[in-house]
Each structure stands twice: as C-alpha cells, then as structure tokens.
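Read through the structure below, which is laid out as structure tokens, and then see the notes.
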Amino acid sequence: MPTERATMSNARTQLEAAVKGLEKFADDLDAAGTTPSAEDLSNIKNRMAEISSLKEQVKSEAEMAGNLADAKSFLSSLSPKADEVKSAKVELTETGMPMNPNGKTFGEMFTASPAYEDFIGRYSKNGVIPNAVKGVQSSPFQADSKALVTGLSSTSAGAFVTNDRYPSTVDLIGQRELSVRDLVTKGSTQSDTVEYVRVTSKTNAAAPVPEATSAANPATYNTPTAAEGYKPESALGLEVVSTTVKTIAHWIPITKRAASDASQVRTLIDNFLRYGLEEELEDQMLSGAGTGENFTGILTTSGIQTVGSAGTDIDAIVDAIAAVRVTGRRRPNALVINPTDWYSTGFLTAKDTAGNYLIGDPRASIDQLNTLWGLRVVVTEGLAANTALVGDFSQAVLWEREGVSLMVSDQHSDFFTRNLLAILAEMRAAFGVLDPQAFCTVTAV
C-alpha cells in the first residue's frame with residue numbers, strides 16, 4: 001500500500017509541475033509579443049500531450065486504489081489556464097477549418113489554422129518575413145460560410161498570439177448591412193453546373209363533374225357538361241434550367257511584415273476581403289445581368305411580376321403582395337427596398353393630413369422599424385432606387401460550390417522583387433429562381 005501511495009503521489013507531483021510549466025511557457029510567449037515559431041507550437045503540443053497522459057495515469061491509479069473521487073477533486077483543482085488552453089484546441093477539417101468555430105470570425109479562423117501556422121513557420125524569422133525570402137506561397141484555406149459566425153470577437157487570432165488593442169469598431173471601407181442571403185434557400189453542389197426545375201405557368205381547372213349520362217364522345221373538350229361527365233384538365237408548366245457555377249473573387253497587396261502580424265491579417269480578411277465577396281454576392285442575387293460570369297438575379301429572371309405605384313407607395317406594396325398571393329400562389333415573406341426609398345415620405349416618413357406618421361415612430365430605433373404589412377423589410381443599396389421587390393424568397397436558391405478560400409503568394413507581377421504579397425479571396429456558387437411568379441417588383445416608388 002505505501003508503494004501505491006508513493007506512485008500516486010509521484011504522478012500528481014509530475015502533473016502539477018507539467019501544468020505550471022505550460023502556464024509559464026505560455027506567459028513567456030505572451031510577454032515576448034512575437035508570433036510563436038513552429039518549434040514553440042510543437043513544444044506546446046508535446047506539453048499538452050504529457051499533461052493528458054498524466055491525467056489519465058492519476059485517474060487509473062486512483063480507480064485501482066478506490067480513491068477516484070479524491071483524484072477527480074485533485075484534477076479539478078488544477079489551474080484553469082490548462083483547461084483554457086485545452087478548450088481552445090478544436091478539431092479541424094481536411095481544409096484546416098475548425099469544426100467548431102466558437103464565435104470566431106473568418107479572419108480569426110484563418111490565422112488560427114494550420115495553413116497560416118505553416119505559412120508563418122516556413123517563412124518568418126522572429127515574427128517577420130525577411131525580404132530575402134522569395135517564392136512565398138501559402139497552402140489554401142477554405143471554409144463553408146454557413147459555419148461562420150460574423151462579428152468581431154475577443155478571442156485570440158492564433159495560438160497564444162496577443163492581439164493588438166483596436167477601437168471597438170474597425171471599418172475599413174464603410175459596410176452596408178447584408179441580409180438578402182438570410183432570406184433565400186441555401187443549398188450545395190459538387191458540380192460546376194446545376195440543373196433545376198422552374199415553374200413557368202399554373203392552371204387549376206378543377207371543378208365539380210356530374211356522372212356521365214351518355215357514352216358518346218364529348219362535343220367540346222375541357223368544357224364539362226352534365227351529359228358527358230368530362231373531367232377538366234389542369235396544367236403545370238415546367239422547364240429544366242441549367243446554370244453554371246460562378247466565381248467571385250478579389251485580392252489585396254500586403255507587405256511581408258504585415259503578413260507576419262496575425263491581428264492585421266485578421267482585420268484585412270474580416271473587414272475587407274470576406275465582406276467584399278458577400279456584398280458582391282448580394283448584388284448578384286438581386287440584379288445579376290445573367291451574361292458572362294454574372295448570376296441571373298431575381299430582377300432579371302424572366303416571368304417575375306410587376307405592379308406600378310399608381311396610388312401611394314404603401315398601397316403599392318399591398319398590390320405586390322396580392323399579385324404574389326393570387327397569381328403566384330405563394331406567401332411573400334420579405335420586402336427588399338433601397339434606403340433612399342424607405343427613408344422617404346413614401347414610406348417611413350409618410351404622414352396623414354394631421355401630420356402624424358403613418359408607419360414611422362420617431363421614438364423607435366431604426367432597427368425596430370423593419371416590418372410593413374407583416375413583411376420583413378430588408379433595406380439595401382443592392383437594389384436600385386425607385387424599385388421595391390416583394391416575394392417569397394424561399395423560391396430563390398443559392399448553391400454553394402466552394403466557400404471562401406484564401407491564399408497568400410508573392411507570385412504576382414513584380415511582387416517577387418518588391419517584397420510584397422497578395423492575399424486572394426474567392427468563392428464559387430450558383431443561383432436560380434424556382435418560381436418567378438413568387439416575386440413582384442414595384443416600380444416608381
């Protein structure tokens with residue numbers, strides 16, 4: 001028994017020392033304020049493996065000695081920093097994307113990924129990519145946008161990289177609110193071409209039909225009579241539509257020194273590259289021209305309905321709702337409108353003869369004023385002014401072929417000789433409207 005107690009005490013002592021050693025190593029890295037090297041990251045990984053092994057040893061020995069409760073109490077008393085480090089580790093997909101982003105932005109996911117870790121480990125020295133290093137090329141990093149959580153996060157951009165303290169809002173280009181993607185149906189494809197069935201017409205001729213009183217052929221087809229017992233024929237017009245996957249991409253130049261700074265790279269990705277792709281995607285879904293590499297957007301899809309604004313603009317929205325409900329046989333769920341039109345006397349600042357606001361309330365926030373006739377109002381510059389769009393947006397589908405992909409390289413123009421790098425972001429997707437009559441535009445608002 002004394003031997004067993006000595007063995008258990010020895011394992012606990014080693015575990016306590018290992019945890020404290022990891023804490024000190026992490027604190028030293030934070031104090032240095034530099035990007036950890038590949039050797040540092042390997043050291044952390046080995047220390048975590050040792051801690052995990054010692055924990056299992058303590059549990060096993062305690063269970064054999066009948067002191068499992070005591071062992072669990074001991075393990076829970078260890079420094080929480082080790083648990084924080086362990087919980088920060090997430091499982092990765094084959095493309096290097098964390099399976100559980102835990103609230104990280106796309107830029108944070110990239111700078112915490114093996115792709116960025118390998119990039120820094122291969123090319124940087126003491127946290128800086130020397131100008132003498134040429135032929136820079138990162139591994140590709142991809143992530144499905146449906147796995148992303150947008151918004152800034154206070155979590156670290158990489159393993160033990162201390163973030164610079166920026167103001168609460170980092171807005172590089174002035175960002176508009178993007179909401180159309182939230183409205184449409186999301187799908188995926190493994191091909192470069194998507195075929196889908198589109199409804200072109202609907203005819204419901206169902207009617208009560210009496211029993212036939214004669215075996216003679218009907219004199220007039222599609223016109224039921226008491227004597228003939230003929231059943232009327234309905235019709236549903238369908239067509240197969242083929243659309244190809246399109247690529248949306250852009251890139252920005254960056255210095256090698258900036259590329260070594262995880263916080264700068266994260267800021268550029270989240271506030272410019274990724275956002276730029278999403279903004280163009282919204283524009284394409286709404287009004288893509290359908291030529292070249294453009295989507296065929298909702299507004300340019302043949303067969304959508306249109307009503308004018310003969311009375312008030314607010315009344316015209318009701319006309320569009322009626323068109324979608326009656327002709328399209330769909331239930332509209334949103335109104336998309338340009339901010340110039342929404343924040344005008346036609347809508348939000350419309351008043352009655354006594355000067356009272358009809359739908360707006362000066363005491364309410366702008367975010368609260370986002371419904372009209374039961375429809376969600378999406379205000380976006382992606383739709384041209386003087387036109388509003390009412391529809392059942394579930395009848396528009398976005399098929400994602402590849403999520404946002406990032407690559408860093410000096411293989412562009414004269415970047416090799418100028419010590420510059422290019423960060424390229426791109427995504428691939430297809431888009432289509434299943435039932436054009438589910439949408440109705442309102443002109444001259």
Side-chain angles (χ1 to χ4, degrees), residues 171-184 248 250 275-324 328 330 332-352 357-362 364-393 395-396 398 431 433 436-445:
D171 190 348
L172 300 179
I173 57 175
Q175 299 179 357
R176 76 183 195 218
E177 183 179 357
L178 303 176
S179 303
V180 174
R181 183 172 184 157
D182 298 334
L183 302 176
V184 304
I248 301 175
H250 64 156
Y275 170 80
L277 297 180
E278 295 290 343
E279 181 179 288
E280 178 60 21
L281 177 65
E282 179 168 290
D283 291 345
Q284 289 288 323
M285 288 190 292
L286 287 174
S287 54
T291 58
E293 292 303 307
N294 294 289
F295 288 170
T296 298
I298 296 174
L299 295 180
T300 56
T301 297
S302 176
I304 67 170
Q305 305 183 74
T306 300
V307 298
S309 183
T312 68
D313 292 338
I314 297 176
D315 291 341
I317 302 301
V318 176
D319 295 337
I321 294 173
V324 173
R330 302 289 182 183
N333 55 13
L335 162 66
V336 179
I337 189 170
N338 186 279
T340 303
D341 300 322
W342 180 243
Y343 305 123
S344 71
T345 55
F347 290 97
L348 210 55
T349 59
K351 301 177 182 178
D352 61 19
Y357 287 101
L358 297 178
I359 59 176
D361 183 352
S365 70
I366 292 296
D367 292 334
Q368 291 177 302
L369 304 173
N370 58 0
T371 59
L372 181 65
W373 300 119
L375 301 180
R376 174 184 174 183
V377 177
V378 174
V379 183
T380 174
E381 299 97 309
L383 192 69
N386 302 319
T387 299
L389 176 63
V390 172
D392 175 5
F393 284 82
Q395 295 303 306
L398 176 69
F431 182 76
V433 175
Q437 291 185 334
F439 297 92
C440 182
T441 60
V442 181
T443 60
V445 294

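Atoms considered below: every heavy atom in the structure, side chains included; atoms not considered: hydrogens, waters and symmetry mates.
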Just by distance, do the side chain of [X] and the backbone of [Y] share a donor-acceptor pair under 3.5 Å?
{"X": "Gln305", "Y": "Ala323", "value": "yes"}
{"X": "Trp342", "Y": "Val378", "value": "no"}
{"X": "Asp341", "Y": "Asn386", "value": "yes"}
{"X": "Glu282", "Y": "Arg181", "value": "no"}
{"X": "Thr349", "Y": "Ser344", "value": "yes"}
{"X": "Thr300", "Y": "Thr296", "value": "no"}

- Item | Pair Phe393-Val336, side-chain contact (heavy atoms from CB on, under 4.5 Å): steps then yes or no | CA-CA 10 Å; Phe393 284 82; Val336 179; 3.4 Å; yes
If I take atom [atom1] from residue [X] and atom [atom2] from residue [Y], how far apart are they, to the nearest 0.5 angstrom?
{"X": "Phe295", "Y": "Asp283", "atom1": "CZ", "atom2": "CG", "value": "11.5 Å"}
{"X": "Met285", "Y": "Leu183", "atom1": "CE", "atom2": "CG", "value": "8.5 Å"}
{"X": "Leu348", "Y": "Ile337", "atom1": "CG", "atom2": "CD1", "value": "9.5 Å"}
{"X": "Glu381", "Y": "Thr340", "atom1": "CD", "atom2": "OG1", "value": "8.0 Å"}
{"X": "Ile248", "Y": "Glu278", "atom1": "CD1", "atom2": "CD", "value": "8.5 Å"}
{"X": "Leu375", "Y": "Ile321", "atom1": "CG", "atom2": "CD1", "value": "4.0 Å"}

Answer yes or no: is there a side-chain heavy-atom contact under 4.5 Å between [X] and [Y]?
{"X": "Ile317", "Y": "Val442", "answer": "yes"}
{"X": "Gln284", "Y": "Asn294", "answer": "yes"}
{"X": "Leu299", "Y": "Phe439", "answer": "no"}
{"X": "Val377", "Y": "Phe347", "answer": "no"}

Work out which heavy atom in Ala396 is nearest to a heavy atom in Val184; give both atom names and the distance.
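Answer, listing the atom of Ala396 first, then Val184: O-CB, 3.4 Å.
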Heavy-atom closest pair, residues Cys440 and Val324
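Looking at all heavy atoms of both residues, the shortest contact is CB-CG2, 3.8 Å.
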For Leu277 and His250: C-alpha separation, side-chain torsions, deciding distance, then whether side-chain contact (heavy atoms from CB on, under 4.5 Å) applies. CA-CA 8 Å; Leu277 297 180; His250 64 156; 3.7 Å; yes
Review point. Name the one of Thr387, Thr441, Thr443 that satisfies side chain to side chain donor-acceptor pair (under 3.5 Å) with Thr306?
Key: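 Among Thr387, Thr441, Thr443, the one meeting side chain to side chain donor-acceptor pair (under 3.5 Å) with Thr306 is Thr441.
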Given the rule in the side-chain contact (heavy atoms from CB on, under 4.5 Å) test, do Ser179 and Thr380 qualify, once you have shown the distances and angles that lead to the verdict?
CA-CA 8 Å; Ser179 303; Thr380 174; over 6 Å; no
Dump the intermediate steps for side-chain contact (heavy atoms from CB on, under 4.5 Å) on Tyr343 and Leu369, then the final yes or no.
CA-CA 10 Å; Tyr343 305 123; Leu369 304 173; over 6 Å; no
